[in-house]
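The structure under discussion appears below in the form of structure tokens.
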Amino acid sequence: MSKMETINPATETAIATYEVMDPSAVMAKVEACHAAFLDWRSLSHRDRAPYLTKIAKALRNHAGELAELMTREVGKLYRDGKTEVELCAQIFEYTAEHGPAELADETRTHGGGEKSGIVTFSPIGVIYSIQPWNFPLYQPVRVLAANLMAGNGVVLKHASICTGSGLKLREICIEAGLPEDLFQVVIIDHDTSDELIAHDLVRGVTMTGSDGAGRHIGALASKHLKKTVLELGSNDAYLVLERADVELAVKTSVMGRLFNNGETCVSAKRFVVTDAVYDAFVDAFVDQMKAIKLGDPMDEDTQLGPLSSQDQFDTVAEQVTKSIAKGATLLCGGDPKDGTGHYYPATVLAEVTPGMPAYDDEIFGPVAAVIRAKDDEDAMRIANDSRYGLGGGIFCQDEEHAMKLARDHFDTGMVRINSFGAADPNMPFGGVKDSGYGREHGGFGMKEFVNIKAIFRP
């Protein structure tokens, strides 16, 4: 039987070793989850809510422990890990508070308005959740909270490099009183994962990761007629328009590019800057990126920690090298030092054009691509010149102009005006094009994996 090992990316030392589960043991966990679901679905939404609020409390009680574990497994700044725990607690509380109303039966008419009926949002069973490593707690929580409220069970396959975080989340949920078999964590390879997707008791599949992996999982689930929700990353464009507050744009762009060590699907990645403010923005942006302190993610004054693994480091370094080889200009960074830990410095590339990884692809690390635009209209065109469409941003002091561009022209699922942020429990999260489909948060996630059932009264 094969094993998986977790490695601290700051020290390159081993943390723990885990046995990869035998397929028969995995399928037994699916069956146990389904059996727990049969009991769980009989509870009302209001009866389920207290379980979620207790999990929120338990997460807060373990905040320091969870944050340190995430730092050790993926290199996340310790303070960012504590923020992540609090966001997860808020997601459980939001779901507990709003879920009963969101999922309540709706009364409707039929037969030309003369007869009445109801629409119910009924649970469907076991949901298979495939999640990445960049937010070891938040990624599984946003699926778990919504589906527990909807009445479903959840089986989680977490990224191998943060296996400990997935197991700890389940342990905390059980400690808080959640039925033990309702939330399962499986440690499996890709072949067993494919078998799990095909399992008759798995009724839906949700996955966050690369668009390549999303195509495979989406195609396989579709073959077995399983509904999917896919969140597949992006190369989000942040527009710095002619009437931008340049100081605000620079400060926010540094934060937006380096948040979570630059390993965020909705990071600001491409900075599309109009001629009118290009020089002022680039000069200040490069100065601030040069000043970023790279170091131990447990230290309070560290601003940028290591990338999550050697593979991730190699991928980012290769993307930068290829972009420069194709004509990009290196304005700062791009020169990782030899030594222990997978540390990559804050990097800015200019003269970025189509055909370069920095323009076409998602760089999952602290690398900013600056693209010059003639004017606001050209900036909007460049922003949409992407196979992705998850998020984006607009810096402009004329907020009505920015709102119109965001509403009518930005081809993404989310847009930030003069700000940056990752997720909010009350706003939908998801994208379009190669960034996937489906929505989480804001009440929308609770209705992704339910049977919207029409019941006609005579």
(request) Compare all side-chain heavy atoms of Thr192 with those of Val186 and state whether any distance is below 4.5 angstrom. (result) no
(message) Please check this pair: side chain of Asn261 against backbone of Pro306, looking for a donor-acceptor N/O pair closer than 3.5 Å.
(response) yes
(request) Looking only at non-hydrogen atoms, find the nearest pair between Ile217 and Val205 and report the distance. (result) CG2-CG1, 3.8 Å
(request) May I ask you to decide if Thr264's main-chain N or O and Ser267's side chain share a donor-acceptor pair within less than 3.5 Å? (result) yes
(request) Please check if the side chain of Thr274 supplies one atom and the backbone of Val240 the other of a donor-acceptor pair under 3.5 Å. (result) yes
(request) Check whether any side-chain heavy atom of Phe183 lies under 4.5 Å from a side-chain heavy atom of Leu144, and answer yes or no. (result) yes
(message) Determine whether a donor-acceptor pair (N or O, by modelled atom type, separation under 3.5 Å) exists between the side chain of Asn260 and the backbone of Asn134.
(response) yes
(request) Starting at CG of Asp22, measure out to CD1 of Ile187 and round the result to the nearest 0.5 Å. (result) 13.0 Å
(message) Measuring from atom CD of Glu448 to atom CD1 of Ile124, what distance do you get when rounded to the nearest 0.5 angstrom?
(response) 10.5 Å
(request) Indicate yes or no for a side-chain donor-acceptor contact from Arg142 to the backbone of Pro425 under 3.5 Å, with no hydrogens or angles considered. (result) no
(request) Count the heavy atoms of every other residue, nucleotide or ligand shown that sit under 6.0 Å from CD of Glu399, and state whether that count exceeds 12. (result) no
(message) Determine whether a donor-acceptor pair (N or O, by modelled atom type, separation under 3.5 Å) exists between the side chain of Ser323 and the backbone of Ala358.
(response) yes
(request) Take Thr83 and Asp80 through the test side chain to side chain donor-acceptor pair (under 3.5 Å) and record every step on the way to the result. (result) CA-CA 5 Å; Thr83 300; Asp80 286 349; 5.0 Å; no
(message) What's the separation between atom CD in Glu362 and atom CD in Glu263, rounded to the nearest 0.5 Å?
(response) 10.5 Å
(request) Kindly confirm or rule out a cation-pi arrangement of Lys76 over Phe135, judged by NZ or CZ under 6.0 Å from the six-membered ring centre and within 45° of its axis? (result) yes
(message) Within a 6.0 Å radius of atom CD on Glu106, are there more than 12 heavy atoms belonging to other residues, nucleotides or ligands?
(response) yes
(message) Looking at Arg387, I'd like to know if its CZ atom is crowded, meaning that more than 12 non-hydrogen atoms belonging to other residues, nucleotides or ligands lie closer than 6.0 Å.
(response) yes
(message) Minimum heavy-atom separation for Arg41 and Pro123, please, with both atom names.
(response) CB-CG, 3.8 Å
(message) Nearest 0.5 angstrom please: Ile7 CD1 to Thr17 OG1, how far?
(response) 7.5 Å
(message) Counting neighbours of CG on Asp408 that are heavy atoms of other residues, nucleotides or ligands and sit closer than 6.0 Å, is the number greater than 12?
(response) yes
(message) Regarding Ser234 and Asp236, do their side chains bring together a donor and an acceptor under 3.5 Å, going by distance alone?
(response) yes
(message) Under a 3.5 Å threshold, yes or no: a donor from one side chain and an acceptor from the other, between Arg416 and Thr252?
(response) no
(request) Evaluate whether atom NZ of Lys54 has more than 12 neighbouring non-hydrogen atoms of other residues, nucleotides or ligands under 6.0 angstrom away. (result) no
(request) Grab the two heavy atoms, one from Asn384 and one from His409, that are nearest each other, plus how far apart they are. (result) ND2-O, 2.8 Å
(message) What I want to check is whether the side chains of Ser193 and Tyr128 have a donor and an acceptor closer together than 3.5 Å.
(response) yes
(message) Would Glu440 and Thr206 count as a side chain to side chain contact (heavy atoms under 4.5 Å, CB included) here? Give the steps.
(response) CA-CA 10 Å; Glu440 295 168 305; Thr206 180; 4.1 Å; yes
(message) I'd like to know whether Tyr437 forms a side chain to side chain donor-acceptor pair (under 3.5 Å) with Thr228, so could you lay out the CA-CA distance, the side-chain angles of the two residues, the decisive distance to 0.1 Å, and finally the verdict.
(response) CA-CA 8 Å; Tyr437 49 78; Thr228 51; 2.6 Å; yes
(message) For a 4.5 angstrom cut-off between non-hydrogen side-chain atoms, does Leu66 reach Lys168?
(response) yes
(message) Check whether Phe449 forms a cation-pi arrangement with Lys227 (NZ or CZ under 6.0 Å from the six-membered ring centre, at most 45° off the ring normal).
(response) yes
(request) Would you give the length of the straight line joining atom CD1 of Ile382 to atom OG of Ser386, rounded to the nearest 0.5 angstrom? (result) 12.0 Å
(message) Test your reading of the model: is there a side-chain donor-acceptor pair from Glu84 to the backbone of Leu137, 3.5 Å cut-off?
(response) yes
(message) Test your reading of the model: is there a side-chain donor-acceptor pair from Glu231 to the backbone of Gly233, 3.5 Å cut-off?
(response) yes
(message) For the aromatic rings, using the six-membered ring if either is Trp, is the centroid distance between Trp133 and Phe364 under 6.0 Å?
(response) yes
(message) Can you tell whether the side chains of Arg60 and Glu93 come within less than 4.0 Å, N to carboxylate O?
(response) yes
(request) Check whether more than 12 heavy atoms from other residues, nucleotides or ligands sit under 6.0 Å from atom CZ of Arg48, and answer yes or no. (result) yes
(request) Tell me, yes or no, whether the heavy-atom count around His110 atom NE2, taken from other residues, nucleotides or ligands under 6.0 Å, exceeds 12. (result) yes
(request) Using modelled atom types only, decide if a donor and an acceptor are shared between the side chain of Lys226 and the backbone of Leu220 within a distance under 3.5 Å. (result) no
(message) Check this for me: Glu247, atom CD, are more than 12 non-hydrogen atoms of other residues, nucleotides or ligands nearer than 6.0 Å?
(response) no
(message) To check you understand the geometry: which heavy-atom pair defines the closest contact between Ser435 and Leu390, and what is its length?
(response) OG-N, 3.1 Å
(request) Spell out, as yes or no, whether a donor-acceptor pair under 3.5 Å connects the side chain of Asn152 to the backbone of Gly125. (result) yes
(request) Apply side chain to side chain donor-acceptor pair (under 3.5 Å) to Asn426 and His98, showing your working. (result) CA-CA 10 Å; Asn426 200 40; His98 296 276; 5.2 Å; no
(message) Would you compute the distance between atom CD1 of Ile15 and atom CG of Leu69 and round it to the nearest 0.5 angstrom?
(response) 7.5 Å
